[in-house]
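Working notes, structure below.
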Number of protein chains: 2
Amino acid sequence: MNPLLDQRSNSVKMTFMTSRRTDALSRERIVEATIQILDTAGESGLTLRAVTAHLATGRGAIYHHVTNKDELLAAAADGVISQVVAAAAGGDDPRGSIRALALGIFEAIDARPWVGVQLSREPFQPAVLQIWKAVGVSLSALGVGGTALADAGSALVNYVLGAAGQHAAGARRAPDGAARKEFLDGLAAEWARQDSDPLVQESAALLREHDDRAQFLAGVNIFLAGIFSSEAIAAVRRDASD
Amino acid sequence: MNPLLDQRSNSVKMTFMTSRRTDALSRERIVEATIQILDTAGESGLTLRAVTAHLATGRGAIYHHVTNKDELLAAAADGVISQVVAAAAGGDDPRGSIRALALGIFEAIDARPWVGVQLSREPFQPAVLQIWKAVGVSLSALGVGGTALADAGSALVNYVLGAAGQHAAGARRAPDGAARKEFLDGLAAEWARQDSDPLVQESAALLREHDDRAQFLAGVNIFLAGIFSSEAIAAVRRDASD
DNA sequence: ACCTGAACACCGTTCAAGT
DNA sequence: ACCTGAACACCGTTCAAGT
């Protein structure tokens with residue numbers, strides 16, 4: 001009746017065969033279950049009760065491996081972002097790496113809106129630190145250092161996280177393409193109705209046909225351009241003061 | 001004491017005397033109570049029970065004027081952002097307006113972390129639309145238009161919202177300067193301990209003495225530089241293809 | 001029409017009791 | 001040490017009943 005309990009009774013530490021339905025509870029298994037629940041039921045579907053049901057265990061058991069529901073969400077996001085960062089790492093083109101990282105994050109969030117919400121929630125969670133470090137490595141390889149690196153890194157990371165949060169909220173509200181189209185059309189109509197300012201009218205028209213992904217990448221390019229034009233100006237200033 | 005209250009008494013349509021303990025419930029009064037609760041008790045202190053206690057009314061009364069707790073939060077954030085946008089509007093220097101707007105948002109969030117959290121939560125809430133429009137007007141005045149305006153606006157707004165969310169989360173965790181210093185010192189020590197990579201070591205050192213506000217403004221400048229270098233490149237391309 | 005407040009259907013977290 | 005599950009102290013939201 002309860003396969004999990006049966007498995008648990010013949011658990012052996014040294015075995016090299018690891019089946020999916022492995023025995024004892026562990027942080028890893030809990031996080032894995034958390035990701036599954038988030039993917040299928042969304043953020044509002046993540047309850048401690050859902051996690052314990054999924055793992056066929058008691059309520060309090062979770063708290064032996066994890067201190068908080070928040071820690072659970074942070075760990076789940078970290079699991080997803082780890083893979084994105086690893087996939088974008090390396091290569092001999094730091095600008096390309098930055099674009100690949102940004103795009104990877106965008107796509108991970110497009111597929112799993114809950115990651116975007118979580119990333120924009122807490123500044124020093126593991127997933128965000130990973131992103132900071134990857135951005136730092138690439139910028140450093142491009143010759144940016146010191147305070148300029150901190151400023152540039154902060155700009156890029158905050159931009160990516162901001163877009164992440166906004167896109168995630170949109171994706172949550174309108175999951176598929178059709179719902180999204182309908183939502184944007186309705187919103188554009190609303191804008192156009194509320195405000196006759198030509199700028200708003202034009203924005204409403206653009207809103208209907210805009211591509212989130214392309215717009216996101218355009219933003220990354222703007223920041224990259226800004227970083228190097230700032231760098232160039234700073235270099236000129238340094239030369240001038242020598 | 002509460003600028004919103006003052007603002008409201010000026011904006012009340014036909015009367016010039018508005019007492020605090022006015023009789024009937026209204027959306028306005030409910031939002032006002034919401035802001036007060038958020039300011040004094042933080043986001044976790046905002047419960048429907050707290051709102052009804054504050055207004056000395058029954059639980060369900062709120063739902064005659066507001067559909068949701070979410071709408072309450074969005075309306076509260078909109079009230080705060082309205083003032084920021086109004087204060088930063090006008091002037092004949094669009095770049096200055098953009099910096100003033102960004103800084104105004106930063107400072108509003110520094111004073112009221114809950115605003116930052118709320119802004120980064122929902123892409124098409126009233127407060128965010130106000131920011132979009134103000135940014136659009138300034139960029140437009142700088143001669144940016146069409147898709148470039150949408151891209152640039154999106155980049156700036158997402159950057160501001162991202163930084164807003166991250167800074168708000170930090171401000172919530174460490175409200176005063178001393179707590180903040182202690183927190184950053186601890187975090188820097190943690191980074192330095194975990195990773196011997198020289199880049200991380202340097203970042204940890206920078207982290208301890210970095211100024212969130214200056215870093216935020218540096219990001220705005222990077223963005224502005226990026227827009228005009230992108231614009232310049234696009235212009236060159238247009239010329240070349242003619 | 002507006003308000004009341006009890007009731008409903010949930011939460012996250014704790015903790016004595018078990019193995 | 002790890003797990004169980006009832007109990008606790010909350011939530012947001014609804015709705016029959018009042019004015």
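Chain letters run A, B, ... following the sequence lines, proteins first and then strands; every chain starts at 1. Note that these values count all heavy atoms, side chains included, but never hydrogens, waters or copies made by symmetry.
A side-chain donor-acceptor contact under 3.5 Å links A:His210 to the backbone of A:Leu207. Put simply, the side chain of B:Ser138 never gets that close to the backbone of B:Val135: no donor and acceptor are under 3.5 Å apart.
For the pair A:Asn68 and C:dG12, the criterion of a side-chain N or O lying under 4.0 Å from OP1 or OP2 is not met. The side chain of A:His65 contributes no N or O atom lying less than 4.0 Å from OP1 or OP2 of D:dC2.
Taking atom CG of residue B:Leu25 and atom P of nucleotide C:dG5, one finds them 13 Å apart after rounding to whole Å. Distance, A:Leu55 CG to D:dC3 C1': 13 Å, rounded to whole Å. Distance, B:Asp70 CG to D:dG12 P: 11 Å, rounded to whole Å. Computed from coordinates, the A:Ile30 CD1 to D:dC2 P distance equals 11 Å when rounded to whole Å.
The ring pair (Phe, Tyr, Trp, His ring centres under 6.0 Å) search around A:Tyr63 returns none, not counting sequence neighbours.
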Output one line per pair: protein atom, nucleotide atom from nucleotides 9-11 of chain C, and distance, for all N/O pairs under 3.5 Å.
unit_1, atom_1, unit_2, atom_2, d
C:dC11, N4, A:Arg49, NH2, 3.4

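Side chain to side chain, B:Ser196 and B:Gln201 fail the donor-acceptor criterion of an N or O pair below 3.5 Å.
Salt bridge status for A:Glu190 with A:Arg193: present, with a side-chain N to carboxylate O gap under 4.0 Å. For the pair B:Glu43 and B:Arg112, the salt-bridge criterion is not met [side-chain N within less than 4.0 Å of a carboxylate O]. Look at A:Asp70 and A:Arg121 and you find no salt bridge, because none of the NZ, NE, NH1 or NH2 atoms lies under 4.0 Å from a carboxylate O.
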* Strand DNA chain C in bracket notation, Watson-Crick/G-U under 3.5 Å with | for pairs to another chain -> ||.|||||...|||||.||
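Remark: aromatic rings of B:Phe223 and A:Tyr159 are distant, center separation not under 6.0 Å.
Residue pairs satisfying the ring pair (Phe, Tyr, Trp, His ring centres under 6.0 Å) criterion with at least one member in residues 103-122 of chain B, sequence neighbours excluded, are listed as follows: B:Phe106-B:His167, B:Phe106-B:Phe216.
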Name every donor-acceptor pair, under 3.5 Å, that has one atom in a side chain of residues 176-184 of chain B and the other anywhere in the protein, sequence neighbours excluded.
unit_1, atom_1, unit_2, atom_2, d
B:Asp176, OD2, B:Ala178, N, 3.3
B:Asp176, OD2, B:Ala179, N, 3.3
B:Lys181, NZ, B:Asp185, OD1, 3.4
B:Lys181, NZ, B:Asp185, OD2, 3.4

* Apply side chain to side chain contact (heavy atoms under 4.5 Å, CB included) to the pair B:Gln125 and B:Leu129, showing each step before the final yes or no. => CA-CA 6 Å; B:Gln125 64 181 307; B:Leu129 293 182; over 6 Å; no
* What does nucleotides 14-19 of chain C look like as a protein-contact string, B for base, S for sugar-phosphate only, - for none, at under 4.0 angstrom between heavy atoms? -> BB----
